[in-house]
Amino acid sequence: MCGIFGYVGTRDAAPLLIGGLKALEYRGYDSAGLYVVGAGCIKAVGQVKNLEAKVGDTMKGHVGLAHTRWATHGVPSEINSHPHSDCTGKVWLAHNGIIENYSELKDELIAKGHQFKSATDTEVAAHLIEENLKTMPVFADALLAMLKMVRGTYGFVIASDQDPEKLYIARKGSPIVLGIGEGENFVASDPSAIVPYTKKVIYLNDGEWAEITSSSYKLFDLDGHEIAREPQVIAWDVEQTQKGGYDHYMLKEIMEGDNVIKNTLAGRLDEEALSIKLPELADVEDRLKDIKRIIITSCGTALYAGWVGEYLIEEYAKVPVECEYASEFRYRSPIVEPGTMIMTITQSGETADTLAALREAKRQGAMIVSIVNTVGSTIARESDAVIYNQIGPEIGVASTKAFMSQVTLLTAFAIKLAELKGVVTAEANKDIVREILALPEKIKTILEAREDIKAVAQKYASYDDFLFMGRKYTFPIAFEGALKLKEISYVHAEGYGAGEMKHGPIAMIDEKFPTVALCLNDSVYEKMISNVQEIKARSGRVLALATVGDETMKKMADEVIYVPAIMEMLEPVLCVVPLQLFAYYIGTGRGYDVDKPRNLAKSVTVE
Ligand code: F6R
């Protein structure tokens, strides 16, 4: 999704702006542009390196703003890419989000004589400021008036020739972060772009805006009242935002797997007492004891983690759980009865549908507990309690390490809730905790065998259709394995519950349509064996994921990827790892840049 970067200081702004945009490339975009006060605006379609080549060292100036655009209104083109300006070329701005009433505002502005260049919603904001300046001599007043006129969502960075030593930023629905440096300040839509320069940041809340110079910043609300807020320090380092020696962020993030589990559990697992602690739930523990129902709502990979959560919580904490697409929940008049807890799961903390679902549930009075990776994100701030993943930024567009961490936290949550509800004793949980402690080593053995998985992937690289099937705890993993494959290799892949095979999908099976079957030694193993036999009887090729030592599967399937034996409830986090690697090697084998899959964005901040 779109990215924003801005700089005000004493250094040459242009190279810093290009660097900032490069750090945001992972978010997905189709064009880029920058404006440097006193030096002008340059835009380019395609990658940031195209923009860099056009900029060269021609632009001198120490205040500027830049943007990577992911088209929503108007095709990807130089004209439509940001920054946009008013008629006079004195107001320049970049915007993330959607201005919903742009069409009526544009008509009014055109009637007043304004000339528009682009097809974007964003451009109206620049012309509105220009119009307001006719009656408001102070730039900040004209800007504030504009913010009150637009409906929809925005993260703005704005420069003006009237205040050439300042940048302005504003936020409603689209994240904007201010980075506080020494004699220089930065702004970005995502803190990972700021971390190379400073770790001191201020997150803007919805309805806030700021005026920034090289040595100062002032924060305001929409009534113009100044807000006092101390910067917070980001715990990530630059190293965590780089590839760490791997070819792709995606591989680096999968290979972090064992540490992801350890980091996720840091401070949450008492190794001596063999118990789970979730201190972040302390304030809501009393309410948790009384909850009667849980609705988990999220999108994409995070939703599939939620499906695992549904199984875990119902089995262990005996609380009824439904898990549903946030994009449906927000529109289908859901009934959130008293005693219902809503859980959202989100890596970015900014997914538009998940946020809207959260707000709808909150409007109906529900308590919100969220699993979030991005500290300070909107969903984190709007939840009653947040369990952070503690795994650093996820850069690869395809979510991998976040899923492992989300499922781990859901396991911890189910255990904790079971204890709070008194449906299981701490003593009984010790076996599970022991198994959780062994998880990093088990994941490590899979990661160490990645060359074997690569060899298997090579055998399957030329197929154009795949079925992934699982049952019970591997059911959500079948969907996640299929999602991973389709998003980075553009191969058709479907996830299915194995029990559903006979109800339709088996008609598709032939020698050109292989199946990835998740057949671990668990309570549904026999059922899975029957499904594999049915596929083999129809000339289908089978790649099985099986438990180490399973000789039956070796005979039955065409290829087998083995995973260590594990307690059934912990299967999801283990099984997903080889499927992530399988997708990675098929995608890279087909020559794709798996870190930037086509048409996808890392943070989906529009619906
Ligand atoms: C798939 C993927 C997406 C995200 C989804 C939710 O690999 O990354 O399906 O899981 O867009 O994103 P978050 O977790 O940021 O809410």
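Atoms within a ligand are numbered from 1 in the order they appear, just like the ligands themselves.
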Residue, atom name and distance, where the atom is the protein heavy atom closest to atom 11 (O) of ligand 1
V604 CG2, 4.0 Å

Considering only protein heavy atoms, which is closest to atom 12 (O) of ligand 1, and at what distance to one decimal place?
T351 OG1, 3.4 Å

Is E350 near ligand 1, meaning one of its heavy atoms is under 4.0 Å from it?
no

N or O pair under 3.5 Å between Q406 and ligand 1
no

What atoms in ligand 1 come closer than 4.0 Å to a heavy atom of A302?
10 (O), 14 (O)

Please work out, at 4.0 Å between heavy atoms, whether the side chain, the backbone, both, or neither of N373 comes within that distance of ligand 1.
neither

Parallel, tilted or perpendicular: which one describes the rings of F186 and F5, with boundaries at 30° and 60°?
tilted

Around atom CD of Q232, are there more than 12 heavy atoms from other residues, nucleotides or ligands closer than 6.0 Å?
yes

Quick check on contacts: which atoms of ligand 1 are under 4.0 angstrom from a heavy atom of E487?
1 (C), 7 (O)

Suppose we measure from atom 4 (C) of ligand 1 to each protein heavy atom; which comes out shortest, and what is that distance?
T301 N, 4.1 Å

Quick note on ligand 1: atoms under 4.0 Å from a heavy atom of V397 include exactly 8 (O)

Check against side-chain contact (heavy atoms from CB on, under 4.5 Å), T340 and I294
CA-CA 6 Å; T340 303; I294 296 177; over 6 Å; no

What distance separates L178 CG from I202 CD1, expressed to the nearest 0.5 Å?
5.5 Å

Out of C299, G300, A583, who gets a non-hydrogen atom closest to atom 6 (C) of ligand 1?
C299

Tell me the closest heavy-atom pair linking P505 and E500, and the distance in Å.
CD-O, 3.4 Å

Parallel, tilted or perpendicular: which fits the ring planes of Y463 and Y460, with parallel below 30° and perpendicular above 60°?
tilted

A398 heavy atoms within 4.0 Å reach ligand 1 at atoms 7 (O)

I'd like to know if E360 and R363 make a salt bridge, using a cut-off of under 4.0 Å between side-chain N and carboxylate O.
yes

Just to be sure I'm reading this right: ignoring hydrogens, which of Q347, E480, K484 gets closest to atom 14 (O) of ligand 1? Compare them by their nearest heavy atoms.
Q347

Atom NZ of K200 with >12 non-hydrogen neighbours under 6.0 angstrom
no

side-chain hydrogen bond (donor to acceptor under 3.5 Å, both in side chains) partners of T408, counting only residues at least two apart
none

Please could you name the atoms of ligand 1 that S348 approaches to less than 4.0 Å, counting only its heavy atoms?
13 (P), 15 (O), 16 (O)

